[in-house]
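A short worksheet on the structure shown next.
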Amino acid sequence: MTSALRPLASVVGLVAAALLVAGCTAGPGSDAPSSSPAPGTGDVDDQNDFEGALLDDGRMFAVITVGSSTCVPQVDQVAAEGQTVTVTLVDPEGESPKPCTKDLAPRASLGALPEGVDPKSDITLNVTYGDLTDDVDIDGDPAATGTPGSTTEFQPSAAWLDDDGLLLLTWGSSSCLPQIESLEGAGNTGTAYFVTDENQVCTMDMAPRATLLAFGEDTVDDDGTFTLTLVGGGLDGTVEVR
């Protein structure tokens, strides 16, 4: 059976939510200001290869692409047939086109999994972005308790992208994106320090923001449970990465 994706704003139950992520995208039809990649985002991979991850306890997914850090693609259309999810990414649109920086950086585009997809089982994302297409295989999370289409609990979550890279999802103002100050890790623990600016003026919306984190090669262990501690930026707490 084929099911179409509801807009992410309805999934999180926020009429006014701006679907903006740090280095990520807004939902279909909304503008997507973004931040530069955080320090330590790792090496840039082949521009033709995409990566993917499950987030928000199985309610959301992310597609990682490589390109300009200031022009992040948006999730435009999503549909599912069984465990195969077809995703179309488009360049962001605004009232007036903005110039894109000529850097190459990993960017994360967030979307909500359609109802009927089982996050506990393996998922294939069939992604199209302009002239590029790629199939991204995502391992199911047997411990996921979220149901695609249900309301988020607005808790931070994270997923491994490779042996030393994480994608962190946090929730907060779309105009005050998390900024990494430093990152450290060893074994099955790590700490991300965020910039705290008490004078920053933020909008009052609640939006998903994604931050790419890369530890040094062979410094952390992605086998078993990894504990990521968040410090500063109003994000203090811990995230268990399975």
Side-chain angles (χ1 to χ4, degrees), residues 19-28 30-55 60-78 87-94 96-111 124-138 158-170 174-185 190 192-195 207-220 222 228:
L19 304 183
L20 169 68
V21 294
C24 287
T25 89
S30 56
D31 296 334
S34 61
S35 66
S36 299
T41 50
D43 295 332
V44 175
D45 295 324
D46 191 322
Q47 285 182 266
N48 296 326
D49 292 335
F50 304 152
E51 294 184 76
L54 282 181
L55 295 163
M60 299 174 64
F61 69 89
V63 177
I64 312 302
T65 60
V66 173
S68 172
S69 61
T70 58
C71 294
V72 181
Q74 298 177 357
V75 173
D76 182 47
Q77 297 180 1
V78 182
V87 182
T88 302
L89 303 179
V90 297
D91 289 324
E93 295 182 359
S96 60
K98 64 178 181 179
C100 300
T101 55
K102 293 184 178 180
D103 59 335
L104 288 178
R107 303 91 49 91
S109 303
L110 287 180
T124 297
L125 301 180
N126 189 326
V127 184
T128 299
Y129 176 38
D131 295 331
L132 301 177
T133 60
D134 195 16
D135 288 338
V136 180
D137 294 325
I138 301 178
W160 290 106
L161 294 177
D162 51 40
D163 292 340
D164 58 9
L166 283 173
L167 177 61
L168 171 67
L169 170 69
T170 58
S174 62
S175 64
C176 294
L177 307 178
Q179 300 291 329
I180 287 288
E181 188 171 62
S182 62
L183 183 66
E184 59 186 33
Y193 297 92
F194 294 87
V195 174
R209 297 95 50 91
T211 305
L212 291 159
L213 307 175
F215 298 93
E217 186 175 358
D218 298 327
T219 60
V220 294
D222 64 345
L228 177 66

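Sequential numbering from 1 along the given sequence is applied to the chain's residues.
Within the model, atoms OG1 of T65 and CG of L104 stand 10.5 Å from one another, a figure rounded to the nearest 0.5 Å. From E51, atom CD reaches atom CD1 of I64 across 6.5 Å, with rounding to the nearest 0.5 Å. The distance from the CG atom of D134 to the CG atom of L125 is 10.0 Å, given to the nearest 0.5 Å. One finds the CG atom of D135 at 10.5 Å from the CZ atom of F50 (value rounded to the nearest 0.5 Å). With values rounded to the nearest 0.5 angstrom, K102 atom NZ is found 12.5 Å from C71 atom SG. Once rounded to the nearest 0.5 Å, the distance linking CG of L183 with CZ of F194 reads 8.5 Å.
Looking at heavy atoms from C-beta onward, L168 lies in side-chain contact with T170 at the 4.5 angstrom threshold. S109 is listed as a side-chain neighbour of V72, based on a closest heavy-atom distance under 4.5 Å. Inter-residue side-chain proximity for Y129 and V63 is flagged as unmet; no heavy-atom pair is nearer than 4.5 Å.
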Kindly determine whether V87 and L89 satisfy side chain to side chain contact (heavy atoms under 4.5 Å, CB included), including the steps that lead there. CA-CA 7 Å; V87 182; L89 303 179; 4.0 Å; yes
| query | Can you list the steps and then say if W160 with L166 is a side chain to side chain contact (heavy atoms under 4.5 Å, CB included)? | reply | CA-CA 5 Å; W160 290 106; L166 283 173; 3.5 Å; yes
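Side-chain polar atoms of D103 and S69 form a donor-acceptor pair below 3.5 angstrom. Side-chain atoms of T101 and S68 include a donor-acceptor pair closer than 3.5 Å.
Across all their heavy atoms, V75 and L110 have their closest contact at CG2-O, 3.1 Å. Shown here for A159 and L54, the closest heavy-atom pair between the two residues is CB-O, 3.4 Å. When all heavy atoms are compared, the tightest approach of E184 to F215 is O-CE2, 3.3 Å. Across every non-hydrogen atom of P106 and L212, the tightest pair is O-CD1, 3.3 Å. Shortest non-hydrogen contact noted between A192 and L228 is N-CD1, 4.2 Å. Contact detail for L169 and M60: the closest heavy-atom pair is CD2-SD, 4.1 Å.
Side-chain atoms of D76 do not come within 3.5 Å of backbone N or O of V90 as any donor-acceptor pair.
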